[in-house]
Amino acid sequence: VKHPFPLDPAPSDAALAAALDGEARSTLARLGDQPDRPAAMGAFDELLSGERRVREILASGRPVVGTLCNFAPDELVRAVGAIPVRLDAALAAAAEAGGRALARDLCPAVRSILGAHLGGLPLFRAASLLVVPAACDGKRALARALGGSREVFVLELPHRKEGARARARFLEEVRDLARALERLAGRSISRRGLRAQIELSNRRTAIAREIDGLRRASSRALISGRDALLVVHASFVADIEDWIARAGTLLEELRRRRDGAGAGASPPAAPRARLLLTGSPVYFPDYKLLEVIEERGGLVVADEMCSGSQRLRNPVVVDEATVGGMVRALAERALLPCTCPCFSEAEDRIERLLELAREGSVDGVVHQTLRLCQPYDAALPPVREALRREGIPLLDLRTEYGSEDRGLLANRVEAFLEMLSDAASEAAGPGEPVRFRAAGGASERIMDAKEGES
Ligand code: SF4
Ligand code: SF4
């Protein structure tokens, strides 16, 4: 690059690694304080408490590929013997540093990534290649800024995902990425190696889907929304086989809890309200919004976020077991089921939200827009309208990283929960079971207000 973007760390940026570590520890400590927490969650705390997994990755001697978002298939990275790490993390101090270096008028997710680069966070330093999807203006600005000082692969995305031309263009991008990875690792992708990695991913997906299904179907809090998110966030850094083993143990425990043989002495309480969370991605360790909701008795039973359930939801469907056929299947899995509003179609996201609301028998939807996240902001009106038509209450929140607006969010969430309780009591009448209305009205369930059982 002839005119690189000036990215000079300030002396204070050296403290960012310790700040991230500190934030991670306090989030994990608060998660550990939840009553009736599944015992198997300790294994995920360990993965995200930093040191052990980071040391393991650094000591492996294998190339590390940092990804942002889910568009870069990690099966390709693993198939060349490299380690994929999704680097997205939410840290107010890093967003502050990134804003100083790039521009304040960018969302905190983008600024935080830049801050992590400036602060030389271990996994950022270790990554020999960063794959940045050009999904929104912020990510494009990030790719330009980082591209001057390190190896960046910009994954171009079509504006629409429907249509043969858009798909063909994205497939070409994924093929280019596969070639870049082969060059990086000095090794080609073999048919057998790629197939093994796809099989592993599909095993991971099957477990993640079952955990997610249990979470939505149960009338009690088998697992909190925060813990469900932590399980997904552990997959950002975990070795995939290790994650499968840990998540398999958790799944067993959740099945036992569902069947009434849980570890807790008393069954988990029925929540004050069942909620669906959507909007800009939430990243570890900033779980402020989920904490605010769940500390007040709400329960996030489902989410529609690329950093949450959507990440591990879709299997890779291979029609043709050649390397080319599998690369095509990976490109399709990354593109077609993605409901990110960086694509112009709103329909499938709305359909997905309504489906989740129905399956989770939710009482309301919480939509969070990170400050200056234009894609989610602009996509809200049709979502709002669809929910209104279905009679599903919506809480629309704007937020930033850090704890400054915690009190404000808490007031808004409390008022929403009260409104949902009032609506439920009015619908039920005194002494009557409270009706938890499933979206669409087709599959209403009656849940007893005292027992919380359907
Ligand atoms: S919101 Fe869209 S662009 Fe941003 S990380 Fe998620 S999928 Fe990627
Ligand atoms: S989609 Fe929103 S949150 Fe994600 S990088 Fe773009 S502006 Fe930021």
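Residue numbers run from 1 in the order of the sequence given. Owing to the predicted nature of the structure, the values given are computational and were not obtained by experimental measurement. We use all heavy atoms of the structure for the numbers below, so side chains are in, but hydrogens, waters and symmetry mates are not. Just so you know, ligand 1 is whichever comes first in the structure, and atom 1 is the first atom listed for that ligand.
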Is it the case that the side chains of [Y] and [X] hold a donor-acceptor pair, with the cut-off being a distance below 3.5 Å and no angle test?
X	Y	answer
Arg384	His367	no
Ser307	Arg86	no
Asp405	Thr399	yes

### Task
Any ring-ring contact (aromatic ring centres under 6.0 Å, His included) involving residues 271-318? Give me the pairs, sequence neighbours left out, ordered by first then second residue.
His233-Tyr287, Phe284-Tyr287
### Message
I need the atoms of ligand 2 closer than 4.0 Å to a non-hydrogen atom of Val110, numbered in the order shown.
### Response
5 (S)
### Query
Closest heavy-atom contact between Ile83 and Arg53?
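For Ile83 and Arg53, the tightest heavy-atom pair comes out as CG2-NH2, 4.1 Å.
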### Task
Search all heavy atoms of Arg187 against all heavy atoms of Gly81 and return the closest pair with its distance.
NH1-CA, 3.7 Å
### Query
Just wondering, is there an N, O or S atom on Cys136 that's nearer than 2.8 Å to atom 6 (Fe) of ligand 2?
yes
### Query
Who pairs with Glu355 by side chain to side chain donor-acceptor pair (under 3.5 Å), at least two apart in sequence or on another chain?
Arg352
### Message
Restricting to under 2.8 Å, identify the protein N, O or S atoms around atom 6 (Fe) of ligand 1 as residue plus atom.
### Response
Cys306 SG
### Message
Under 4.0 Å, heavy-atom basis, I'd like to know which part of Tyr283 is in contact with ligand 1: side chain, backbone, both or neither.
### Response
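The answer is the side chain of Tyr283.
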### Task
Could you pull out all residues at least two apart from Glu295 that satisfy salt bridge (charged side-chain N to carboxylate O under 4.0 Å, His left out)?
Arg406
## Note on the structure
ligand 1 to Tyr376, heavy atom cutoff 4.0 Å, flagged ligand atoms 1 (S)
### Message
Run the side chain to side chain donor-acceptor pair (under 3.5 Å) test on Asp212 and Ser309 for me, step by step, so that the C-alpha distance in whole Å, both residues' side-chain angles and the decisive distance to 0.1 Å come before the verdict.
### Response
CA-CA 7 Å; Asp212 228 37; Ser309 306; 3.1 Å; yes
### Task
Taking the side chain as every heavy atom from C-beta outward, state whether Arg175 and Arg328 have any atom pair closer than 4.5 Å.
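Side chain of Arg175 against side chain of Arg328, heavy atoms only: contact under 4.5 Å found.
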### Query
What do we get for Leu106 next to ligand 2 when only non-hydrogen atoms under 4.0 Å count, side chain, backbone, both or neither?
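Near ligand 2, Leu106 shows nothing, with every heavy atom at 4.0 Å or more.
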Can you tell me which residue and heavy atom of the protein come closest to [atom], and the distance to 0.1 Å?
atom	result
atom 4 (Fe) of ligand 1	Lys139 NZ, 3.7 Å
atom 2 (Fe) of ligand 2	Cys373 SG, 2.3 Å
atom 8 (Fe) of ligand 2	Cys107 SG, 2.2 Å

